[in-house]
Protein chains: 2
Amino acid sequence: MSTTGRGLHGHVLESLGPAIAAGEYPPGSVLRTDELAQRFDVSRSVMREAVRVLESMHLVESRRRVGVTVRPKSEWNVYDPQVIRWRLAGADRPGQLRSLTVLRSAIEPVAAGLAAKNATADQCAELTECALGMVAHSRGHQLEGYLVHDIAFHRVVLTASGNEMFARLGDVVAEVLAGRTHHEVMFEDPDPAAVTLHVQVAEAVRAGDAARAEHLTREITVGALQELDILAP
Amino acid sequence: MSTTGRGLHGHVLESLGPAIAAGEYPPGSVLRTDELAQRFDVSRSVMREAVRVLESMHLVESRRRVGVTVRPKSEWNVYDPQVIRWRLAGADRPGQLRSLTVLRSAIEPVAAGLAAKNATADQCAELTECALGMVAHSRGHQLEGYLVHDIAFHRVVLTASGNEMFARLGDVVAEVLAGRTHHEVMFEDPDPAAVTLHVQVAEAVRAGDAARAEHLTREITVGALQELDILAP
DNA sequence: CGCCAACAAAAAGTCAGACTTATTCATCAC
DNA sequence: GTGATGAATAAGTCTGACTTTTTGTTGGCG
C-alpha cells in the first residue's frame, strides 16, 4: 500500500520520516548527515538522498556548518500523502484525523456539486454502483465490504468534479475512512441515514442537481464531524 | 521568493522541475540520470538527489534498467507548493489558476466560519487592520498596496481557523491573488463591493458570528469565480 | 569595555570512479 | 509457441578525497 520503501534510501525514509513527523525530534533539533548514515548503516550518498526528500517536504532544512535541522510543524508540507501517512501512523493521529475530516467537510460538498454538473455517464453509473454496494453491505457486520464501496464512492465524486485538486484528495479521504473503520470505535453497522444519503447523492448527481448534491453531501460530512465531536450534536 | 535554488541540486530542480510540470516531457518519457547529469554539467550524485526530489513529488518514477520515467499529470503531488509554483510559471497557468480558485471557494468560507469561533483577540485585531488597509488602498491605482493587505487578510483568516490544513493554504492563496493582480487584466481599482465584504468579514469574525462570516466569505469567493468565468454571471 | 577583522574548525556540498544488482530483452532449446 | 538462459543496461551503492560556506573564536585596536 505504501509507495515508498524501494531502495535503501526509501528504507531510511520509512524509518526517519515517521519519527520526525511524530515529533520525536523537537523543532530546531540538529541531525548530522554522517551520524545518521552511521546510525542507519548506509553510505552518505544514500543518506543525503533521504535528507533531500525530507527537505523537499519541508520537514527539515539542511545548512552548511550547522547540519540538518528539524523545522517547526507549521512549515511542513502537510498535504504530502507521505507526510499524511507518517502522521497518521504516529502519536497525533487523532488530531490529524480531525484536521482531515474538517478538510473533507469543506471540499466534498463543493466537489459533489461540481460532479453533478460534470460527471460522465460512466461516472454516474459507477457512483450508483458504489451506493448500491454500500447498501448491500450495510447490515450484518460487513464493515470491510462497506468500507471498500464507501471509499470508491467518495473517490468517484472527487474525480467526477473535474477539478484536479479535488481529485487528488481521494487518497486522503480513503485514509480517513479506513482509519475510522479500523481504529475508531466502529463495531456497529453504519448509520442507515448515512447510507441513504449516499444513495440520494448518487441520484442527485445523475439528475444533474448540483445544489441538492452539495446539500446532501454536506449532511454526510456533518455526520462525519459529529462522530469526532467536532460539531455539537 | 522561491525557497529552492540553494546548492547545485536546487539549480537543476529549478530548471528541470518547471519543464516537467509544463508538460514538456509527455507522460512515459524516459530520462537517463547520466545523460541529465551531463546535460546540466553536474555529477551523478547531484543529479540523483534532484531526481529523488522529483520522485518524492511523484513527478517521475525511477526504475532500474529503464530509467527515470515521467508520470502522468494525474499522479503528481499537486498540493506541493513547489509544484504549484512550477505549474503557475508554465503553460497551463490559466487552468491551474482556475483549479486553485475553485479550491479557495471551497476552503475559505469554512475557514472563515471556524475563524469566527477560534480567532484570538490578536488575530481579530490583525484582521481589521488588514481590512482597513485594503480600504485605504482601494482607490487611485494603489494595486500593490491593496494586494499586500488582501493577501495578509486571507492568510490571517486561514490561520485563525485553527486548522493546520487550512493554514498551509495561505501560500497558495497568496499565489492566486498575486497572479490575478500581476498577470490578469487588473488595471482598474478593486471592486468596492469586494472591499466592503472584507470589512464585514472582519466584523463577523470579531463578533464570533460563524454563519455570517462563512456566508460573506462565500460571496467573496463567488466573486473570484466570476472573474474567471467559472460561474455564470 | 566593546567592536571589528582575521582565522580556524566543522559540517554540508561536490566530484570521480569502481563496483553491485535488478530488470529487460533477445536468443535458443524444447 | 513457450519457457529457460544469458547478456546488456541503467539505476543503485559505496568510498574517499576535496571544496565551500558558515560560524564561532581569538586577538588586536579604538
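Bear in mind that the values here come from a model prediction, so they are computed numbers and not experimental data. So that the names make sense, note that chain A is the first sequence line, chain B the second, and so on, each numbered from 1.
Ser45(B) comes within 4.0 angstrom of a base, heavy atoms only. Counting any heavy atom pair closer than 4.0 Å across all strands shown, Arg63(A) reaches sugar-phosphate atoms only and no base atom.
Residues Ala106(B) and Ile107(A) share a closest heavy-atom pair of CB-CD1, 4.2 Å.
Atom-to-atom, NE2 of His11(B) to P of dG13(C) comes out at 14 Å; the value is rounded to the nearest Å. As rounded to whole Å, 13 Å separates atom C1' of dA11(D) from atom CG of Leu8(A). dC15(C) atom P lies 13 Å from atom NE2 of His9(B), rounded to whole Å. Rounded to an integer number of Å, the gap from CZ of Arg65(B) to P of dG12(D) is 14 Å. In this entry the distance linking CD of Glu49(A) with P of dT14(C) reads 13 Å, nearest Å. The distance between atom CZ of Arg64(B) and atom P of dT20(C), rounded to the nearest whole Å, is 13 Å. One interatomic measurement links the two molecules: CZ of Arg48(B) to P of dA11(D), which rounds to 8 Å at whole-angstrom precision. At whole-Å resolution of the value, CZ in Arg44(A) and P in dA12(C) are 10 Å apart.
When side chains are defined from C-beta on, Val173(B) counts as touching Leu158(B), because their heavy atoms get closer than 4.5 Å. Counting heavy atoms from C-beta on, the side chains of Leu143(A) and Pro190(A) come closer than 4.5 Å.
Nearest to the side-chain atoms of Ser43(A) among the listed nucleotides dA12(C), dC15(C), dT13(D) stands dT13(D).
Where Val46(A) and Val66(A) each meet DNA chain D at their nearest nucleotide, the meeting point lying more 5' is that of Val46(A).
Residue Thr33(A) has a polar side-chain atom (N or O) positioned under 4.0 Å from OP1 or OP2 of dA12(C). Taking only side-chain nitrogens and oxygens, Arg52(B) comes nearer than 4.0 Å to OP1 or OP2 of dG12(D).
Aromatic rings from His149(A) and His198(A) are positioned such that their centres are separated by 6.0 Å or more.
With hydrogens and angles left out, the side-chain atoms of Glu55(B) and Ser62(B) include no donor and acceptor closer than 3.5 Å.
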